[in-house]
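Encoded as structure tokens, the structure appears first; notes follow it.
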Amino acid sequence: FGRHYVRRTRRRFEAGEAITSFGDLKVGDFVVHAHHGIGRYMGLRRFEGKDGDFLVVQYAKGDTFYLPVTNIDSIQKFTGGDGVAPKIDRLGGATWAKTKARVKKAVRDMTEELLQLYAARESQTGHAFSSDTPWQNEFEEAFEYDETPDQARAIVEVKRDMEAPRPMDRLLCGDVGYGKTEVALRAAFKGVQDGKQVALLVPTTVLAEQHYLNFVERLADYPVKVDLLCRFRNAKEQKHTIERLRSGEVDIVVGTHRLISKDIKFKNLGLLVIDEEHRFGVGQKERLKHLRATVDVLSMSATPIPRTLNLSLLGVRDMSIINTAPNDRLPVHTCIEPFSETLIREAIARELSRQGQVFFVHNRVHNIMTFASLVQRLVPEARIAVGHGQMPSDQLEHIMTQFIRGEVDVLVCTTIIGSGIDIPNANTIIINNADKFGLSELYQLRGRVGRYKHRAFAYLLIPGDRALTEEAQQRLKALEDFSSLGAGFRIAMRDLEIRGCGNILGGEQHGNIASVGLETYSQLLAEAVAEVRGKPVVRRVLPPFEVAVDAHIPEDYVPSEAQKITLYKRIADVKTVEDVDEMAAELADRFGPVPAPIRRLLDVMRVRAQAADLGIHRIAAAKSAVAFEFTNGRSLSKRVRSLLSQHFGDRVSFALHVEPVLTFSTKATSASELIAEAATFLEALEETWEG
């Protein structure tokens, strides 16, 4: 199609799978037990004469709780807000139950208010867009790259929402440079095909200009009128654009917060695309909330704020995730270093030696020229320019254009370059005073480099003369840890850990979560959402299996304690018999033949999964018998008892209390045999039930 990009095929990076746990346990971390509350994890321990590994959890007043690894799923890592240490509970005390009840009530009240807002949206009838036209197909075929699988799925989900009669409210969470703009382009083109206007709202003037140029280039072959509304345009040009929006002459408008000013009127707005919604202020979001009621909304972000992400995880907002990296993409090499002139000189010189360009971010306008002079002195051969948001718009536009064209080697700038700017030749970024930035902001800045096939470098400079706050250390460490491709979703999750998801309705980022931890808070919130909606709370919880068995991960199989904890957690998170089999296959593939202690651990999980299917909520094993305690909802009928007695004779006995108990006698001579017999008995019980 006459485009100038080169297509290469290379192995795709698959990264950023959905988060299943919010971080691996380390000694000293706070944890939350489902029944005992908040304590401190003190490591793994084995006891002479006792089977298996135990997690040691310390509670208030010196009480210690030893949790068998077979029940590790009853414990979660505590994640609260702002690094504040939580109050540790008493073992067996009533404080935890009271705290949970208080938070549950607060969550319930908040959820009702929240769902009233979203129920109003659900009941609204929006515009149901038509199916794809031949032009839509032709436009999509002209895309010069292969869509990644995630990108293709996101496109389908967005178009399906647009064709539905209720207004769309979808969050598109994709890493920097992963193709969110193309999804927005296709949605915008679909909107225009139905005679609707489309608005693309972006946080910065520079980004608005770049998006505008992208849209103009992609839509050049079609009769679609695209316009720009930002401070790069003078008052006369802005007035002309506003008039054309009101009359319907403009199909797609790209703009900054100027787009949601009170004097802006659309003739027939059908789709609003918001890039990096978290960059807009509270007042601007209130204006957006009114727009949301009637038009389709697509929000795009590499690192959504904790509140938005939590809403999406709960299913209150729809979310599409793009995790697959485009071909040729390499992870950005990230390092945290004390401020050093030598480092700055070497980093810039290395980039210039491969004909690349450099961002030097210093987010203080009052002395930015001092740092520009420093860079010029350190690298006299470099062509240097300065850009910041307080410059006259035409001057800033000129500097950015020079940089984009490659006429400037080093751009000394503020965070005005922080969102979406795509300059493939810029592959080194140096961020001064990196400890002063938020996690999402740092991630966005790092995303300005590494957007093409070259290896990119990000240097986070911190002051060498003062100590960093604990939260700043956490932020920088998270950015260094998550330097792989597709890490944006994980970064947002870590932000959720560090800051908390907080008051979802208000502007605060921390709230009741600090009392009970993120896992428990999210669980209570999910239950409240389902309850208010009148839907059953579906949570598959495996019953505990109390059995004395040597089930552990041997040190000679997995030497690292941190890795053992991760594996224990993953084994405990299995929910079905198929999951158990997959876990066994993975362990064999990664570490070699599975030793007997791990096989026994997997067998315990298999029995627990079978029991969950049969409505059993507790299993207790003695030397020669296994007792299965049933929930109220699944009683042992006369027919089932009769069939079991015929099949097993006096090996089965029944205690029909409030919660029925079935006891099965075994002839096992070892714990392994006992577990195997329990599994066989449950299979027979399932066949009896089905029969």
Side-chain angles (χ1 to χ4, degrees), residues 51-52 68-74 538-551 570-588 593-657 659-691:
D51 297 318
V69 291
T70 49
N71 293 330
I72 196 175
D73 51 333
S74 64
V538 181
R539 282 185 65 232
R540 183 176 168 83
V541 179
L542 303 191
F545 187 1
E546 296 163 18
V547 58
V549 61
D550 185 14
R570 288 195 54 211
I571 291 170
D573 281 341
V574 301
K575 292 289 181 270
T576 65
V577 172
E578 291 75 20
D579 290 346
V580 175
D581 294 336
E582 283 178 19
M583 193 70 213
E586 182 187 326
L587 288 169
V594 179
I598 301 183
R599 282 204 305 274
R600 287 192 285 268
L601 180 58
L602 292 170
D603 288 342
V604 167
M605 296 309 299
R606 187 176 280 106
V607 169
R608 292 179 66 193
Q610 286 175 288
D613 291 334
L614 297 170
I616 295 167
H617 76 89
R618 181 170 167 268
I619 314 166
K623 279 187 178 178
S624 57
V626 185
F628 302 97
E629 194 173 293
F630 288 79
T631 55
N632 289 329
R634 196 101 190 239
S635 61
L636 293 165
S637 67
K638 277 186 179 179
R639 185 187 71 83
V640 169
R641 297 202 308 271
S642 173
L643 287 169
L644 287 172
S645 296
Q646 287 174 29
H647 193 278
F648 293 101
D650 58 3
R651 293 180 67 190
V652 292
S653 60
F654 308 96
L656 304 179
H657 304 301
E659 293 187 335
V661 177
L662 185 160
T663 304
F664 172 66
S665 300
T666 80
K667 298 173 182 175
T669 56
S670 68
S672 297
E673 284 182 23
L674 184 142
I675 294 165
E677 284 201 31
T680 305
F681 175 75
L682 288 173
E683 285 170 15
L685 180 59
E686 187 173 10
E687 286 172 13
T688 305
W689 236 308
E690 288 173 353

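Quick note: numbers below take in every heavy atom, side chains included, and nothing from hydrogens, waters or symmetry partners.
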*asked:* Do Leu644 and Leu662 have side chains that approach each other closer than 4.5 Å (heavy atoms only, starting at C-beta)?
replied: yes
Open item on the list: Using side-chain heavy atoms (C-beta onward) and a distance below 4.5 Å, is Phe545 in contact with Ile675?
Closed with: yes
Here the gap from Lys667 atom NZ to Leu674 atom CG, rounded to the nearest 0.5 Å, amounts to 14.0 Å
Heavy-atom side-chain contact between Arg570 and Glu586 under 4.5 Å:
yes
One should read off an interatomic distance between Leu682 CG and Ile619 CD1, to the nearest 0.5 angstrom, of 6.5 Å
Between the CG atom in Leu643 and the NZ atom in Lys638, the distance rounded to the nearest 0.5 Å is 14.0 Å
Interatomic distance, CG@Asp573 vs CG@Asp579, rounded to 0.5 Å, equals 10.0 Å
Closest non-hydrogen atoms of Ala679 and Gln610, given as atom of the first, atom of the second and distance, are O-NE2, 3.3 Å
task: Report yes if some heavy atom in the side chain of Asp613 is under 4.5 Å from a heavy atom in the side chain of Thr576; otherwise report no.
output: no
Are side-chain heavy atoms of Glu683 and Glu686 found at a separation under 4.5 Å?
no
Note: Val577 and Ala609 closest approach over all heavy atoms is N-CB, 3.9 Å
Smallest heavy-atom separation, Ala668 atom then Glu677 atom, equals N-OE2, 3.5 Å
dist Arg608:CZ -> Lys575:NZ (nearest 0.5 Å) comes out at 8.0 Å
Minimal heavy-atom distance between Ile571 and Met583, with the atoms involved, is CG1-CG, 3.9 Å
Handout entry: Verdict with reasoning, Arg600 to Asp603, per salt bridge (charged side-chain N to carboxylate O under 4.0 Å, His left out)
Key = CA-CA 5 Å; Arg600 287 192 285 268; Asp603 288 342; over 6 Å; no
Value for OG1 (Thr666) from CZ (Arg651), rounded to nearest 0.5 Å, stands at 7.0 Å
Quick one: does Pro543's side chain get under 4.5 Å of Phe628's, heavy atoms only?
no
So Phe664 and Phe681, would you call those rings parallel, tilted or perpendicular, with 30° and 60° as cut-offs? parallel
**Asked** Under 4.5 Å between any side-chain heavy atoms of Arg606 and Asp581, yes or no?
**Response** yes
